[in-house]
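In this chain, numbering begins with 1 at the start of the sequence shown.
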Amino acid sequence: MIPKITNILYTTGLGSGTPFVFRYALSLAQKYDAKIHIIHGHEPLSSSAQNMADLYMVQGTSNEVLMRKVAEVEKTILERLERLCAKETASDPQGRERVASITVATLPPKQAILEEAEKREADLIVMGSHRHSVLADAMLGTTTLKILHHSTIPVLVVRIPKNYQEEGF
């Protein structure tokens, strides 16, 4: 039986290859008349960084300042993703309607991706990968490798060409 793809989870770290990988998700969404859900996960502030902020700020204000800054950064990320969607879907009659959701999560990327995949009932995860050294992959791991090992749904990994740069993103 041929699988039905109705929900695609597109993951992005907002690197230079973001538009390149997004086009694969968009192409699949057009082919299968599927919805795209976009997720960007970023690490929460570490406890040592939080302690440092507490040392240099008035008691109780560090959390307020942090929350305000996180909100500003998340707003900027959402604006960038909205611009990407508008640009890349302009020639598609259904265009922006194909992008059903854009989520910015203050979670480790692996956790954010896997939780969003389950929440959105994704049939496929689309993510990019840069070339890494074997040593770096073995020692540190990458978000892509973590998702490949832990996902219960298919994952399309799009290799981002070496030195890929695109104007306007």
Atom CZ in F20, atom CD1 in I160: separation rounded to 0.5 Å?
8.0 Å
Would you say the side-chain atoms of S16 pair up with the backbone N or O of Y164, donor to acceptor, closer than 3.5 Å?
yes
Taking CD in E118 as the centre, count heavy atoms belonging to other residues, nucleotides or ligands within less than 6.0 Å. Is the count above 12?
no
Does G15 offer a backbone N or O that forms a donor-acceptor pair with the side chain of T18 under 3.5 Å?
yes
Calculate, to the nearest 0.5 Å, the distance between atoms CE and CD1 belonging to M127 and I39 respectively.
11.0 Å
Check side-chain hydrogen bond (donor to acceptor under 3.5 Å, both in side chains) between S91 and all other residues, then give those that pass, not counting sequence neighbours.
none
Within a radius of less than 6.0 Å around CD of Q30, do more than 12 heavy atoms belonging to other residues, nucleotides or ligands occur?
yes
So, R68 and E64, do they make that salt bridge, N to O below 4.0 Å?
yes
Nearest 0.5 Å please: distance from the OG atom of S101 over to the CD atom of E116.
5.5 Å
May I have the step-by-step check of side chain to side chain contact (heavy atoms under 4.5 Å, CB included) for T103 and H37, ending in yes or no?
CA-CA 8 Å; T103 304; H37 301 276; over 6 Å; no
Separation between OG1 (T6) and OH (Y32), nearest 0.5 Å, reads 12.0 Å
Give a yes or no on this: more than 12 heavy atoms of other residues, nucleotides or ligands lie within 6.0 Å of atom OH of Y24.
no
Just verifying a value: how many Å separate I5 CD1 and D33 CG, rounded to the nearest 0.5 Å?
12.0 Å
Gap separating the CD1 atom of I147 from the CD atom of Q111, nearest 0.5 angstrom:
10.5 Å
Should D123 and I153 be marked as a side chain to side chain contact (heavy atoms under 4.5 Å, CB included) after you check the CA-CA gap, both sets of side-chain angles, and the distance that decides it?
CA-CA 6 Å; D123 303 298; I153 61 173; over 6 Å; no
Pairing donors with acceptors under 3.5 angstrom, does anything connect the side chains of E74 and T106?
yes
Checking side chain to side chain contact (heavy atoms under 4.5 Å, CB included) between L124 and each of V155, L9, L28, which is the one that passes?
L28
Decide yes or no for L84 and T12: does some side-chain heavy atom of the first lie under 4.5 Å from some side-chain heavy atom of the second?
no
From CA spacing to verdict: side chain to side chain contact (heavy atoms under 4.5 Å, CB included), I8, K35
CA-CA 6 Å; I8 298 168; K35 295 293 185 187; over 6 Å; no
Between L14 and I36, is there a shared hydrophobic cluster once you connect ILVMFWY residues whose side-chain heavy atoms come closer than 4.5 Å?
yes
Excluding sequence neighbours, so at least two apart, what forms salt bridge (charged side-chain N to carboxylate O under 4.0 Å, His left out) with R96?
E82
side-chain hydrogen bond (donor to acceptor under 3.5 Å, both in side chains) partners for K69, two or more places apart:
E72
Between R23 and E166, is there a side-chain N and carboxylate O pair less than 4.0 Å apart?
yes
Should L26 and T89 be marked as a side chain to side chain contact (heavy atoms under 4.5 Å, CB included) after you check the CA-CA gap, both sets of side-chain angles, and the distance that decides it?
CA-CA 8 Å; L26 184 59; T89 62; 3.9 Å; yes
Is there a donor-acceptor pair under 3.5 Å between the side chain of H40 and the backbone N or O of V104?
no
P19 versus E88: any side-chain heavy-atom pair under 4.5 Å?
yes
Going by side chain to side chain contact (heavy atoms under 4.5 Å, CB included), I125 matches just one of I113, V157, L148. Which one?
I113
